Structures are given as C-alpha cells and as structure tokens.
Amino acid sequence: MLRRLTILGLIILLFSCSQVEPPAPVLPLPTERQLAWHELEYYAFVHFNMNTFTNMEWGLGSEDPKLFNPSGLDCRQWARVAKEAGMKGIILTAKHHDGFCLWPTATTGHSVKNSPWKDGEGDVVQELADACGEYDLKLGIYLSPWDRNNAEYGNQKYIEIFRAQLKELMTNYGDVFEVWFDGANGGTGYYGGANEERRIDRKTYYDWENTRKIVRELQPMACMFSDAGPDIRWVGNEEGWAMKTNWAPIRRDEFYPGSPNYAELRTGHEDGTHWVPAEVDVSIRPGWYYHASEDHKVKTLPHLLDIYYNSIGRNASLLINFPVDTRGLIHENDAEQILKLAAAVKADFANNLAKDKNAEATNTRGNSKNYKAENIVDGNPDTYWATDDSVVSASVIIDLGEPTEINRFLAQEYIPLGQRVKKFSIDAWVNNDWKEIASETTIGRKRILRLDNVTTSKVRLNILDAKACPLISNIELYKAPKVLVEPELRRDKEGIVSISAFDSGLDIYYTLDGSQPDNTSAKYDKPFLLNEKATIKAVAIDPETTNTSEVSSVDFDIVKNKWSLLGTLTNDENSAKILDGDENTAWNVSGEKPFDVLIDLGEKVTVSGFKYLPDQGRWNPGIIFNYEFYVSNDGKNWGKAKSAGEFSNIRNSPVWQTKTFDPVEGRYIKLRAISPAEENGRMGIAEFDIITK
Ligand code: FUL
C-alpha cells in the first residue's frame with residue numbers, strides 16, 4: 001500500500017513538474033568560461049618587473065635590463081601567501097608599459113635574457129606557472145599593449161610583435177585563466193631611442209578583434225579583461241569598490257580600452273547587450289609597484305574588509321595586488337595584512353544560520369517543487385526559487401525557528417539564466433512585526449550586506465522589481481564577529497583626546513599611566529581634555545564576547561594649547577596643520593631654503609628632543625632631509641644648534657623621526673629645514689612635537 005502511494009506520489013510529482021516550463025533566459029547570458037571565472041571570486045595581482053628596481057610606477061622604456069636583478073626571487077612564496085589568503089589564482093605583469101619582458105621572448109632583447117638574474121637564463125613566467133601548479137592556483141597574464149621601449153610602437157610592425165608575445169605567453173605556460181589588457185596607452189617614451197611622444201588610435205590600432213582571436217584559439221577558457229571586456233570589465237576605479245547597483249551586462253560596443261566613459265563601468269547597464277562582469281583591481285599599498293617608502297602604508301584589516309564587501313559583496317570579483325619587492329618576495333607587511341583579511345572573512349562566514357531552514361514564498365513557479373522556496377537554503381547552486389512569468393515582485397520568508405542574531409545577508413541570483421533583480425528589500429521579524437532592515441537594488445551573482453546586529457526569528461526577502469521572474473539560488477545569513485583592531489588615538493592642539501574603534505557596538509577602555517588597559521580601566525564615552533604629559537593606552541572590547549583588540553599606545557607630551565607659530569608661518573593658513581594632531585594633513589613649502597619653523601611654546605620648558613612626521617601625501621610630498629634644531633629663551637638669541645644632521649632614509653621610510661639631546665631650558669624653538677629629501681624640492685610637516693624632560 002505504502003509503495004503504491006509512493007509511486008502515485010512520484011507520478012503526480014513528475015506530472016506537475018513536466019507541466020511547468022523552465023524560466024526563459026533573460027539576455028545577455030554568461031558564457032561557460034565566464035561562469036567558471038565567476039566561481040573564482042578572489043585572486044592576486046603581482047606587479048613585479050623593471051619598475052621594482054627603478055622605484056617607478058611607469059618606466060620610460062629606456063631602462064637597462066641589467067637593473068633587473070632580484071636577490072631572492074621565490075614565486076612559491078607568492079603562491080603560498082595567495083593560497084593561505086584564500087585566493088584562487090595569480091595574474092603576473094609579464095610586461096608593463098616600459099616593455100621589459102619577464103620571459104625570454106624571441107621578440108625583443110629587452111627581457112630577462114639580458115639581465116644578470118640567473119645569468120640571463122631565468123624565466124619568471126615559468127617559475128610562477130610551476131608555483132601555481134604546485135599550489136593549485138590558476139595562472140593569469142598581464143601583457144601591456146603599450147610598450148615604451150619598442151622602436152616599432154605606433155607602427156603596424158609593433159602589432160605583429162605584440163601578437164607574437166601574446167602567442168608565446170598563451171602557448172608555453174599551460175592553462176591561463178585570465179589575460180589582462182590595460183587601458184593606459186600611448187604617450188611619451190624611449191621607443192628604441194627616439195625619445196618622443198607617440199599617440200595611437202585606441203579604437204583601431206590593435207585590431208582587437210583579430211588580436212583577441214589568438215587568446216580564443218590558444219586558451220579557449222581564458223577570460224579577457226579590459227575596459228571593454230570582451231569577457232571581464234574594469235570597474236572604473238583602482239580604489240577597491242564597485243557601486244551597490246552593479247549589472248554584469250554592459251552595452252559593450254560603447255567601450256574600448258581606455259575609453260572616456262569608464263565611470264559607467266562602475267554600475268554596468270541594466271539594458272546591457274553583453275555579459276561583461278566587473279573585476280575590482282586594487283593594490284594592497286598606495287602604489288602598484290614596490291616602494292620601500294610605502295612599507296608603512298600597507299592597507300590594514302578595516303580597509304581590506306571594506307574592499308572585500310564592496311567588491312565580492314557587490315557582484316564583482318576581487319583582484320588584490322602585491323607589489324613584490326626587490327628581493328622578489330611579497331613583503332612581510334603585505335602578507336601579514338592579507339592573512340588577517342583571510343582570517344576575518346573566515347570568521348564572518350563561519351556559520352550559515354539559514355542553511356536548511358524552512359522557507360516559504362508568496363509565489364512559486366507553477367507551484368512546482370522544482371522551483372520551491374527551500375532551494376534557496378539547500379546549499380546547491382544549481383537549484384533555485386523561481387516565480388511565475390507574470391510575477392516580478394514576490395517575497396520569500398526564511399524561518400529561523402528561534403530568535404537568532406544576524407548581521408550579514410548574502411543572496412545569489414541563478415545567473416546562467418541572466419541577471420534580473422532590480423530592487424529588493426529585507427525585513428526582520430522583530431516584536432511581532434516586520435521591520436525593514438535593508439533596501440537595495442541589484443543582486444547578481446553575489447550580493448552581501450553588512451547589517452546592524454538584529455535578533456529575529458524570521459527574515460523576509462522582498463523582490464520588489466525585476467527584469468523578469470526572479471531566480472534566487474541562494475540565501476545565507478550570518479552573525480559576523482566584531483572587527484577588533486586597536487583603537488585610533490588622537491589629541492588636538494587644545495589637548496582634546498578622541499579615541500575611535502573601527503566597528504560599532506564596541507567598548508573602549510584606556511589608561512593614562514602606561515598600564516595595560518582592560519574592562520576595569522576608564523571607559524571612553526566622549527572626547528576628553530588631557531592637558532599634561534601622558535602615555536595613553538587603549539583597547540576595544542566586544543561586550544558580548546569580551547574579545548579584546550590589540551593595545552594602541554601613544555606618548556603625548558605637553559599640551560600645545562599655548563603654542564603659537566611665529567615668523568612667516570603666521571601668514572600661512574595651512575601652517576596650523578603642523579599642530580592639529582591629524583597625521584593626514586600637512587603644511588608644505590617649496591623654493592625657500594633653508595626654511596625656519598619658529599614656535600613660541602608660551603612658557604619656559606625643559607626640552608630634550610623633538611619629533612617630526614613628514615608630509616604623508618602620496619603625490620609630491622614635502623620631506624625634510626637635512627635639519628638643525630634650536631632652543632632659545634627670547635626667540636632672538638639661538639646659540640648653537642641643539643641637534644643637527646639628517647633624517648636618514650626618510651625618503652624610503654617617511655615615518656615619525658625622533659631626535660634627542662641634553663635637556664635645555666627655553667621658551668622658543670626653531671626647526672631649520674635645510675634641504676629636501678625629494679627632487680621635487682618640497683619641504684613639509686604633517687605633525688611636529690617636542691620631548692620635554
Ligand atoms: C593601470 C596601469 O597604468 C598601472 O600601472 C597598473 O598596472 C594598473 C593595474 O593598471 O592602468
């Protein structure tokens with residue numbers, strides 16, 4: 001009997017399923033190669049070649065190949081870091097705009113062949129291909145179309161050379177998952193000694209249609225990247241974000257590599273004609289290439305988390321760049337931060353609270369089990385909840401069974417049939433009522449929202465508008481732990497101290513006597529006055545888990561409320577930045593050398609040293625190299641300098657500089673800036689302080 005019933009049930013099920021037409025695709029659709037690429041989500045960029053050794057971002061093309069000489073190149077170290085970071089592949093700058101080739105190409109002598117590295121026998125692309133094989137990572141190739149070294153650049157002959165290079169790279173190194181064509185193109189260069197400016201027609205010069213055929217033929221599964229795809233598009237900025245509204249389709253024919261309408265790439269086009277999803281490319285440091293001066297500027301966890309959520313969480317993939325250093329290694333500071341990101345991402349997505357929970361929808365396509373609401377919580381990317389063709393707004397409720405705290409919402413559309421959702425919102429069941437906790441636009445392959453913590457027993461996704469019946473393959477809910485990084489400490493000229501934690505809902509505790517802070521120390525609730533010398537130590541503590549951040553610690557000397565700038569600085573409104581306690585603002589001067597920074601301390605103090613933080617700006621920073629420092633009682637008679645010399649290595653390492661000397665009494669101080677560290681001739685100060693006895 002039971003058996004008969006089961007068979008009957010099966011027949012009914014089969015009958016009902018066969019009655020329901022699958023949803024029709026909404027064009028454009030991703031190709032098989034794009035679908036495979038979507039799965040990768042997160043991979044590494046490596047900028048490493050001639051610029052690494054010339055300390056440049058864009059080499060001119062005249063560089064001597066002999067300069068390329070890494071002391072300890074180890075592509076396996078790159079692969080290890082990328083793998084541990086959770087990345088799925090590595091894209092290498094095989095040739096950047098300066099034209100130097102990291103593989104022994106037959107097309108030019110401007111390559112590793114003529115470098116001292118491995119006596120000209122080396123091949124970085126091969127070493128990386130081997131390392132990727134060993135660590136089960138995919139290999140990607142960046143080949144700059146612009147070549148500032150090549151004498152033929154601008155002529156038809158160069159196109160043949162460029163294509164030959166592409167052929168070599170697509171033939172000799174195994175499978176390639178992505179080929180990166182940069183939009184920067186044409187301008188001044190060495191060009192075989194011509195040293196001139198050469199402009200090309202970006203639309204026609206490369207005959208992209210035929211150039212791309214090389215990749216299609218030799219690497220059919222490789223996706224090609226450029227402003228115009230054809231497979232993957234630039235996201236229109238290099239800062240690490242896509243827009244919240246982000247369509248994979250674009251009207252592709254409106255773009256070409258380097259086209260001026262690139263800002264539209266940030267959102268894509270709702271009426272896009274081709275599937276060209278966005279890739280967010282961003283460097284872990286300010287520069288793409290290694291500069292020792294940026295060793296202290298590696299992006300830290302809070303920033304990297306923002307990048308993660310603003311790319312992968314916004315229907316894009318994430319390509320994070322490591323500027324490999326002159327040794328040929330990913331720098332320790334970069335590795336440390338990227339692994340912190342990996343740990344934080346792992347913790348955020350540790351426990352999917354929606355998995356296998358009950359789900360119910362206001363509409364299910366043909367009432368068919370094939371398209372049932374539970375498909376969104378079954379963990380199977382190939383099943384999805386769908387509505388009837390006529391329904392473009394519908395809701396699905398996930399019943400969590402009991403009050404559950406959440407702060408992350410993840411949704412995925414079933415993209416093999418196109419991107420559809422235009423508008424959605426999320427409600428939480430709070431105090432026996434629905435409360436809206438988010439209102440957004442597109443979903444696409446993956447959308448992740450960071451929400452304020454909410455305790456709820458049910459979550460409702462409302463699809464409010466879509467291009468056609470929505471197809472949702474996956475919903476996940478999480479409670480991510482708070483981000484615990486050391487709090488930021490700042491004191492302004494008047495002595496007001498402010499302390500801030502990165503995440504909301506954290507408690508901050510601090511001490512003023514140098515002891516370790518904990519949850520029995522003073523609790524910070526608002527800025528306070530500190531008008532004396534003290535070492536402030538602070539921690540952020542999650543009140544729920546009592547997890548504690550690392551300790552931040554700053555030695556504050558006497559308060560500067562009586563200080564005033566004298567001399568020419570009084571007429572310069574920017575000069576107040578020297579004493580404002582904000583390390584990101586600076587005062588600068590150029591031309592006048594030496595330059596005296598004169599300060600009246602307002603009263604007599606015993607000075608035993610000073611501290612100088614140079615301008616932290618990336619472009620054209622003002623950095624003092626040679627200096628003298630004086631102390632005086634009357635601001636007229638300065639006597640001998642109390643300290644004089646240079647801020648050694650300040651160009652490479654523009655961090656706080658501390659100079660000490662035998663204590664001396666005085667009311668006036670003078671920092672004489674004698675010479676600049678940079679060729680730009682600028683001398684600047686972000687912050688200045690003294691050390692008192
Ligand atoms: C840009 C280039 O000009 C930069 O040097 C870097 O390679 C970056 C990834 O793309 O357009």
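Since we're looking at a predicted model, the values are computed, not measured. Atom set for the values below is all heavy atoms of this structure, side chains included, hydrogens, waters and symmetry mates excluded. Counting starts at 1 for both ligands and their atoms, following the listed order.
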- Within a distance under 4.0 Å of any heavy atom of Phe45, pick out the atoms of ligand 1 and give their elements. 9 (C)
- Item | Any Tyr289 heavy atom less than 4.0 Å from ligand 1 | no
- Could you tell me whether a side-chain N or O of Arg202 sits under 3.5 Å from a main-chain N or O of Asn185, the two making a donor and an acceptor? yes
- Query: Counting each atom of ligand 1 from 1 as listed, which ones have a heavy atom of Tyr142 under 4.0 Å away?
  - Reply: 7 (O)
- Distance filter under 4.0 Å to His97 heavy atoms, resulting ligand 1 atoms: 2 (C), 3 (O)
- Below 3.5 angstrom, do we get any N/O pair linking Trp58 and ligand 1? yes
- Message: For atom 11 (O) of ligand 1, what's the nearest protein heavy-atom neighbour? Residue, atom name and distance, please.
- Response: Asp182 OD1, 2.8 Å
- Task: Check Asp295, Thr326, Asp325 against Tyr290 for a side-chain hydrogen bond (donor to acceptor under 3.5 Å, both in side chains) and give me the one that passes.
- Result: Asp295
- Identify the residue among Thr441, Asn315, Thr442 that makes a side-chain hydrogen bond (donor to acceptor under 3.5 Å, both in side chains) with Thr245. Thr441
- Just go through Met56, Glu57, His47, His96 and tell me whose heavy atom is the nearest to atom 5 (O) of ligand 1. His96
- Item | Nearest atoms (heavy-atom pairs only) where Tyr153 meets Arg198 | O-NH1, 2.8 Å
- Pro65 and Asn114: which non-hydrogen atoms are nearest, and at how many Å? CB-O, 3.5 Å
- Query: Do Trp247 and His269 have ring centroids that are under 6.0 Å from one another?
  - Reply: no
